[in-house]
Amino acid sequence: SMQGRKMGLLWDISLIDLVLQPLWDYLHQNHHDLLRSPLFPVVLSVTTYFVLVGLYTVLDLLAPSWPFINRYRLHPDKPVTWPNIWVTLGVTIYNHLFFIFPAAVAQWLWRPPTPLPPEAPTLWSFFLGILGCMFVFDFQYYLWHLLHHRVPWLYRTFHAVHHQYNQPFSLVTQYLSGWELFSVGFWATIDPILLQCHCLTTWGFMVFNVYVSTEDHCGYDFPWAMHNLVPFGLWGGAPKHDVHHQRPGTNFAPFFAHWDWLGGTHIAPAQSSHAAKWEPDEMNEKKE
């Protein structure tokens, strides 16, 4: 009957919605104390970051002698060198010791343990929450980024360090000044609170945020990269961010492309090859 089919459909939807509940129950029962600690989000983000950067750096070192990796690099003719790795790794470790670690201790001292609700988020609210946080974060960083390029003092003092490399590789992701790192960390912490996300959604956002940030700087154009999965050029990705590092007046948004379209700062890399080249007419435009 029609009524039966309706009930069946609603039952299916609620089952899909509850798909995270068994995972949440397992985490709740077996890792309760770890998950409640205010240090957990920091440990999760830092671990995700170093695992991803480790993987990309292995690829960077293998690429010159492994053509099937090198062909996906945006600059196959410019290998990442050991000095590049040591300098960026040094700054990354310095930042973790002197900025991220003290911030983590402060969170641990001042923030109460995370309350863990018995219900998992629905699958819908999980993905919508992550998308919402990404959207808000994207806008915040777009404004910060634009300001720190357009105001020379801000650029020199806080953002120029990140632009020492005009061909990014994954370790450049957190090759940042303390102020930039603090800004990024602050929004990543605050946005899920503002959007009242479930803690599982918050952790999902943090992991995804780190994933796409490192992908943005990785210097590869893999078929499974976000900009190749999201249709209509709505996502920036590594090729567009690579263009930003070479022409710093373009492609300011970290994730999505809509703010750059609206602001007239969007430039698409040429589709002709993996290497990020520009169309000749764009080459003749004035540099900002």
Side-chain angles (χ1 to χ4, degrees), residues 49 74 88 91 95 99 130-195 205-206 208-219 225-227 230 232-270 276 278-279 281-288:
Y49 182 69
L74 295 171
T88 47
V91 168
N95 280 343
F99 294 108
I130 291 175
L131 184 66
C133 288
M134 294 297 287
F135 213 80
V136 175
F137 183 99
D138 185 73
F139 179 60
Q140 291 160 329
Y141 188 75
Y142 176 75
L143 286 182
W144 188 102
H145 199 184
L146 194 64
L147 198 65
H148 284 70
H149 272 275
R150 296 286 157 91
V151 180
W153 179 80
L154 288 176
Y155 181 79
R156 280 199 312 275
T157 315
F158 299 116
H159 192 55
V161 57
H162 184 65
H163 277 274
Q164 282 175 25
Y165 292 92
N166 60 2
Q167 274 119 23
F169 50 100
S170 68
L171 272 162
V172 176
T173 311
Q174 286 190 14
Y175 189 71
L176 303 173
S177 68
W179 167 241
E180 182 160 2
L181 195 65
F182 171 79
S183 304
V184 171
F186 178 72
W187 298 320
T189 306
I190 285 296
D191 292 347
I193 297 170
L194 292 177
L195 297 185
F205 161 63
M206 287 178 164
F208 186 59
N209 193 343
V210 171
Y211 174 79
V212 291
S213 299
T214 47
E215 188 188 79
D216 245 13
H217 290 89
C218 73
M226 283 294 292
H227 64 278
V230 177
F232 313 120
L234 290 170
W235 192 265
K240 284 182 193 170
H241 195 70
D242 189 77
V243 171
H244 169 75
H245 273 259
Q246 297 182 39
R247 301 189 58 192
T250 63
N251 299 352
F252 291 106
F255 306 139
F256 302 101
H258 58 275
W259 292 116
D260 283 306
W261 285 340
L262 291 169
T265 51
H266 179 268
I267 285 192
W278 312 295
E279 307 304 311
D281 58 318
E282 286 166 347
M283 282 296 281
N284 296 334
E285 283 178 23
K286 64 176 176 57
K287 277 205 171 166
E288 303 211 13

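Reckoned from all heavy atoms, side chains included, excluding hydrogens, waters and symmetry mates. These figures come from a predicted structure and were not determined experimentally.
The closest side-chain heavy-atom distance from Trp259 to Leu146 is not below 4.5 Å. Using a 4.5 Å heavy-atom threshold, the side chains of His245 and His163 count as touching. For the pair Trp187/Val136, no side-chain contact is recorded, criterion being any heavy-atom separation below 4.5 Å from C-beta on.
Judged by distance alone, with hydrogens and angles left aside, the side-chain atoms of Asn251 form no donor-acceptor pair with the main-chain N or O of Gly236 at under 3.5 Å. Thr157 places no side-chain N or O within donor-acceptor distance of the main-chain N or O of Leu154, the cut-off being under 3.5 Å. With His149 contributing its side chain and Gly249 its backbone, the two residues share no donor-acceptor pair below 3.5 Å.
Atoms CD and CG, on Gln140 and Asp191 in that order, are 4.0 Å from each other to the nearest 0.5 Å. One distance of note links CH2 of Trp144 with CZ of Phe137; it measures 10.5 Å at 0.5 Å rounding. Expressed to the nearest 0.5 Å, how far CG of Asn209 lies from CZ of Phe255 amounts to 4.0 Å. Remark: Phe252 CZ to Tyr141 OH distance equals 10.0 Å, nearest 0.5 Å. From Leu143, atom CG reaches atom OG of Ser183 across 12.0 Å, with rounding to the nearest 0.5 Å.
Between His244 and His145, the ring planes are perpendicular. Angles over 60° get that label, and only those under 30° would be called parallel.
His241 and His227 are not linked by any side-chain donor-acceptor pair at a separation below 3.5 angstrom, with hydrogens and angles left out of the test. Residues Trp179 and His148 have side chains that bring a donor and an acceptor to within less than 3.5 angstrom of each other.
Residues Pro168 and Asp242 share a closest heavy-atom pair of CD-OD1, 3.2 Å. The heavy-atom pair separating Met206 from Thr189 by the smallest distance is CE-CA, 4.2 Å.
Under the side chain to side chain donor-acceptor pair (under 3.5 Å) criterion, Asp138 pairs with no residue at all, not counting sequence neighbours.
When the shell of 6.0 Å around OH of Tyr155 is examined, it contains more than 12 heavy atoms from other residues, nucleotides or ligands.
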From CA spacing to verdict: side chain to side chain donor-acceptor pair (under 3.5 Å), Tyr49, Gln174: CA-CA 9 Å; Tyr49 182 69; Gln174 286 190 14; 4.7 Å; no

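Taking the six-membered ring where the residue is Trp, the centroids of Tyr142 and His258 are separated by 6.0 Å or more.
When His162, Gln164, Glu180 are each tested for a side chain to side chain donor-acceptor pair (under 3.5 Å) with Tyr175, only one passes: Gln164.
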